[in-house]
Visitor: 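There's a structure below that I have some questions on.
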Amino acid sequence: MKKGDHLFLVDGSGFIFRAFHALPPLTRKSDGLPVGAVSGFCNMLWKLLTDARDTSVGVTPTHFAVIFDYSAKTFRKDIYDAYKANRQAPPEELIPQFGLIREATRAFNLPCIETEGFEADDIIATYARQAEAIGADVTVVSSDKDLMQLVTPMVHMYDSMKDKQIGIPDVIEKWGVPPEKMIDLQALVGDSVDNVPGIPGIGPKTAAQLLEEFGDLDTLLARAGEIKQVKRRENIVANADQARLSRQLVSLRTDVPLDLALDALVLEPQNGPKLIAFLKAMEFTTLTRRVAAACDCNAEEIEPAVLKIEWGERAHGPDLDAGVPAKAPIDTGEAAAEAPASLPKAAVAKGVGGATPAELAQARIEAFAKAKLDPSCYVTVRDVEVLDDWIRAAQETGLVGFDTETTSLDPMQAELVGFSLAIADNTDNPTGLAVRAAYVPLIHKTGVGDLLGGGLAENQIPTSEALARLKPLLEDPSVLKVAQNLKFDYLVMKRHGITVESYDDTMLMSYVLEAGKANHGMDALSERWLNHKPIAFKDVAGSGKSGVTFDYVDIDKATAYAAEDADVTLRLWMVLKPQLAAMGLTTVYERLERPLVEVLARMEERGITIDRQILSRLSGELAQKAAAFEDEIYQLAGEKFTIGSPKQLGDILFGKMGLPGGAKTKTGQWSTSASVLEDLAATGHELPRKIVDWRQLTKLKSTYTDALPGYVHPETKRVHTCYSLASTTTGRLSSSEPNLQNIPVRTAEGRKIRTAFISTPGHKLVSADYSQIELRVLAHVADIPQLRQAFSDGIDIHAMTASEMFGVPVEGMPSEVRRRAKAINFGIIYGISAFGLANQLGIERSEAGDYIKKYFERFPGIRDYMESTKSFARENGYVETIFGRRAHYPEIKSSNPSVRAFNERASINAPIQGSAADIIRRAMVKMEPALAKAGLSARMLLQVHDELIFEVEDEEIERTLPVIISTMEQAAMPAIAMKVPLKVDARAASNWDEAH
DNA sequence: CCCCAACCGTA
DNA sequence: GTACGGTTGGGGG
């Protein structure tokens with residue numbers, strides 16, 4: 001930006017309120033979505049962008065941005081708790097328009113800006129002052145008096161509804177003071193809407209008169225005694241502090257940290273088709289025609305955009321990513337990763353009667369708790385014509401419950417046995433909801449006892465033919481597929497060449513709503529929400545020795561089971577979806593859960609190569625070493641026994657040999673845990689040490705070197721772990737079959753197992769891990785100055801802690817001192833207790849208590865964070881991550897002190913662990929588009945909580961590392977601007993041990 | 001055959 | 001002190 005340029009800053013949030021009240025007849029789209037303010041906004045933008053010269057502004061913009069309020073929580077709230085406290089929730093019709101106006105802004109190819117902790121006005125002030133300093137002209141598109149303090153000879157305001165420019169004389173005319181005195185005037189007058197107190201009995205006229213007389217607020221307050229009017233004098237003297245506070249509240253900040261520099265606001269040419277697609281979706285016919293004419297496009301040929309905002313959604317809580325700047329500093333692929341699915345029309349356009357989202361959700365809950373499932377609506381589909389009818393019905397409804405039946409719970413091994421579809425005929429009237437469902441058997445066999453090996457049962461559509469019909473439905477972005485634990489079905493279908501597009505997952509919805517509170521399995525959800533106990537799998541397929549795979553289940557029984565599953569899933573969606581909106585959790589679901597389904601599915605499908613030879617050699621070595629220990633152990637014990645049995649071992653150690661017992665287990669047995677054995681070893685006994693070593697060797701052998709080869713897939717020859725998206729309270733993933741998130745790394749012996757995880761020829765494994773992400777998150781959420789500083793400066797965080805606490809200089813610090821500080825730092829993350837810290841460090845509990853006290857003295861903000869987190873948890877029963885994910889702790893108020901304390905520690909930990917989990921989730925969602933955009937072929941294989949592992953072609957490694965690193969480091973953006981930088985270390989090698 | 005307790009691998 | 005999953009031994013049915 002240079003002198004003579006002209007910057008337009010639009011107050012987006014202000015516009016919505018103003019337009020809403022100024023345009024009385026409520027404008028609605030055909031489905032009932034209210035769009036009056038959006039319409040006014042679009043017309044205004046178009047006018048300013050095309051012929052600002054013909055308005056009273058009289059100049060053409062060179063730079064342009066639209067600014068929004070981020071959320072109600074700003075620094076002003078910290079100064080004055082009551083700030084904007086009595087502002088009531090925006091009217092129902094307004095709510096969806098906040099998101100739509102952001103979408104409109106992006107459709108106009110304009111940057112859409114908001115910053116956490118600041119109001120739009122502060123951002124506008126900051127940009128305006130920066131531009132002015134360069135010598136550029138500024139037009140603030142708003143008529144809000146709060147912005148009038150910004151007016152100077154270079155900065156004008158513009159009231160777009162009255163087409164009136166506002167300059168210095170206009171401010172004086174309206175308020176009786178020049179712009180630079182607006183702050184003092186507002187401080188005296190106050191603002192009842194925003195709850196700025198001001199001084200009672202003083203309105204604009206009196207304030208202007210007083211400022212005229214005394215010059216400014218400070219002088220006025222200092223010389224208030226000179227005021228003749230008794231009442232007025234008393235009021236001013238009594239409320240001087242209130243006036244000073246008010247001045248603070250109304251003063252706009254001009255030092256807001258900005259993600260986009262002024263230069264990035266340069267006006268870009270319009271993207272005609274993109275804008276037209278949006279305008280068509282909004283049904284703004286006049287403006288669509290105008291835009292089409294101006295950019296020489298044929299509007300007929302352009303499909304309406306799929307709106308990401310639906311009526312009834314996002315009632316609370318902002319979409320943290322709503323303000324993704326059109327020109328993000330780093331292209332994170334955010335747009336590509338955005339929610340593909342939208343509610344089908346039939347399910348959307350209701351609730352226009354004015355019910356709140358919470359009321360809608362409650363009505364659904366009640367309706368579905370009463371509605372009965374009707375198995376007479378379940379059919380078996382045995383020919384293609386009938387299947388086509390079902391698929392056509394699903395296309396028309398735009399919404400279908402979907403479930404696969406297979407021979408295995410492992411999606412990489414499972415054979416597709418059949419699938420089911422559920423269709424709701426009258427979603428507009430949930431009380432009278434009728435769901436019909438079909439099961440399509442594909443490869444069911446004849447009777448189990450059939451000695452001929454169970455040939456195919458008759459009258460089943462051939463798999464290839466059925467899938468050819470199903471594929472267009474599953475891949476149709478305009479039909480929403482609803483499944484329970486979709487990742488499974490997604491992978492099964494993917495292996496048959498079908499990529500499911502547009503989906504929702506009821507398991508993930510439940511997880512977002514109730515993590516920590518409830519089980520998210522389908523049967524439990526059904527009992528909870530539908531008052532219906534579904535047929536148990538073991539009742540149709542048996543279990544254990546008498547169990548069969550689903551292809552041996554009788555088709556009638558299979559239909560009853562499978563059709564019911566699809567029915568239940570669809571009903572659960574009807575109940576859960578409105579709750580997401582009502583609870584303000586739609587964004588968490590759409591940004592952090594749903595997109596991961598396919599990202600994880602692809603990771604699982606890729607798998608990773610392990611070198612079985614290395615493992616088998618290791619296994620032999622471990623067996624030999626363990627055998628040697630066994631001999632010595634029997635010798636020392638004086639008899640043979642089952643070393644692996646804690647009970648028998650306890651008898652030997654604490655009975656026969658008479659060693660002093662340490663801790664007890666919860667069943668009252670003497671504990672034989674490693675720490676107890678280490679303590680005994682330290683007192684000079686030989687046996688305990690050998691037991692510890694034996695345990696390590698046998699653990700490595702049984703859990704890793706022996707077990708891993710069994711997971712190698714017979715065809716791909718790779719190991720395909722299964723990630724669970726919904727099994728932790730905090731938001732972390734978990735990995736199983738095999739668990740690749742607990743491969744040893746701490747001991748040299750254990751690390752050898754990592755050398756068996758290898759890259760394919762011509763490739764390397766790249767491991768990229770966040771450095772100290774949880775401590776960084778802590779520094780961010782608790783806002784600890786020393787921690788923030790240390791991370792910004794790249795200082796050793798544990799040494800810094802030690803130095804703060806013990807006064808030891810970082811240079812030449814004894815390692816023991818640092819070790820203690822490190823244990824304390826970890827303890828803090830885990831919701832520290834003196835007991836736990838003492839245990840960890842092997843010190844007295846009183847000494848550990850002293851450390852904690854000292855720590856809190858040096859870092860009082862941490863204590864504040866812990867206390868406020870606990871009281872939040874007690875009050876609400878849950879805690880939140882920085883992205884709004886909830887973790888529930890229903891037992892936080894338990895009368896059992898140890899249960900209560902445990903829940904308190906967990907709720908202190910959850911926002912930290914969970915925010916870190918959210919950050920890496922975001923990185924994973926952004927990663928594939930980022931790599932694709934850079935033209936790289938790297939494949940993401942594994943996630944280990946703070947680490948991502950990729951397989952990268954040798955020639956691409958140098959170009960890939962920076963993309964991976966920056967995607968991970970920027971993952972919180974733009975939803976959250978972290979107060980500390982995130983740091984990622986990455987390296988490449990031919991095996992996981994060397995890469996890590 | 002199923003489930004639990006104890007133990008231990010990871011972040 | 002947080003969050004997981006896997007293996008083993010051992011008890012109950």
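Worth knowing before you read on, the calculation uses all heavy atoms, side chains too, and leaves out hydrogens, waters and symmetry mates. Lettering follows sequence order; numbering is per chain, from 1.
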Visitor: Check whether the side chain of A/Arg746 and the base of B/dA11 form a donor-acceptor pair under 3.5 Å.
Guide: yes

Visitor: Would you say A/Thr729 places a side-chain N or O within less than 4.0 Å of OP1 or OP2 belonging to C/dC4?
Guide: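 Yes.
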
Visitor: Does the base of B/dT10 carry an N or O that pairs as donor and acceptor with the side chain of A/Gln741 under 3.5 Å?
Guide: no

Visitor: Is the shortest side-chain N/O distance from A/Ser727 to OP1 or OP2 of C/dG5 below 4.0 Å?
Guide: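 Indeed, a polar side-chain atom of A/Ser727 lies that close.
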
Visitor: Considering only heavy atoms and no angle criterion, is a donor-acceptor pair shorter than 3.5 Å present between the side chain of A/Asn739 and the base of C/dG5?
Guide: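 Per atom types, no contact qualifies.
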
Visitor: Write down the atom of A/Met940, the atom of A/Arg606, and the distance for their closest heavy-atom approach.
Guide: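 That closest heavy-atom pairing would be O-NH1, 2.7 Å.
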
Visitor: With both distances under 3.5 Å as the test, what is the Watson-Crick or G-U wobble partner of C/dG13?
Guide: none

Visitor: Check for a donor-acceptor pair, side chain of A/Gln648 on one end and backbone N or O of A/Thr642 on the other, with a separation under 3.5 Å.
Guide: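 Checking the backbone N and O of A/Thr642 against the side chain of A/Gln648, a donor-acceptor pair under 3.5 Å is found.
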
Visitor: Please give, in whole Å, the distance from C/dA3 P to A/Tyr830 OH?
Guide: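 It works out to 10 Å between those atoms.
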
Visitor: Among the nucleotides C/dT8, C/dG11, B/dG9, which one has an atom lying closest to any side-chain atom of A/Pro744?
Guide: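 Output: B/dG9.
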
Visitor: In terms of side-chain heavy atoms, does A/Thr729 have a donor or acceptor partner in A/Tyr511 at a distance below 3.5 Å?
Guide: no

Visitor: Answer with base, sugar-phosphate or nothing: what part of the nucleic acid does A/Ser734 contact at a heavy-atom distance below 4.0 Å?
Guide: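 It contacts sugar-phosphate atoms only.
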
Visitor: Answer with base, sugar-phosphate or nothing: what part of the nucleic acid does A/Glu947 contact at a heavy-atom distance below 4.0 Å?
Guide: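 The residue A/Glu947 makes no contact with any strand.
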
Visitor: Report yes if a side-chain nitrogen or oxygen of A/Thr703 is closer than 4.0 Å to either non-bridging phosphate oxygen (OP1 or OP2) of C/dG5; otherwise report no.
Guide: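 No, outside the criterion.
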
Visitor: At under 4.0 Å, does any side-chain N or O of A/Arg732 touch on OP1 or OP2 of C/dC4?
Guide: no

Visitor: Side chain of A/Asn909, backbone of A/Arg905: donor and acceptor closer than 3.5 Å?
Guide: no

Visitor: Looking only at side-chain atoms of A/Ala906, point me to the closest of B/dG9, C/dG10, C/dT2.
Guide: C/dT2

Visitor: Whole-Å distance between C/dT7 P and A/Tyr704 OH?
Guide: 9 Å

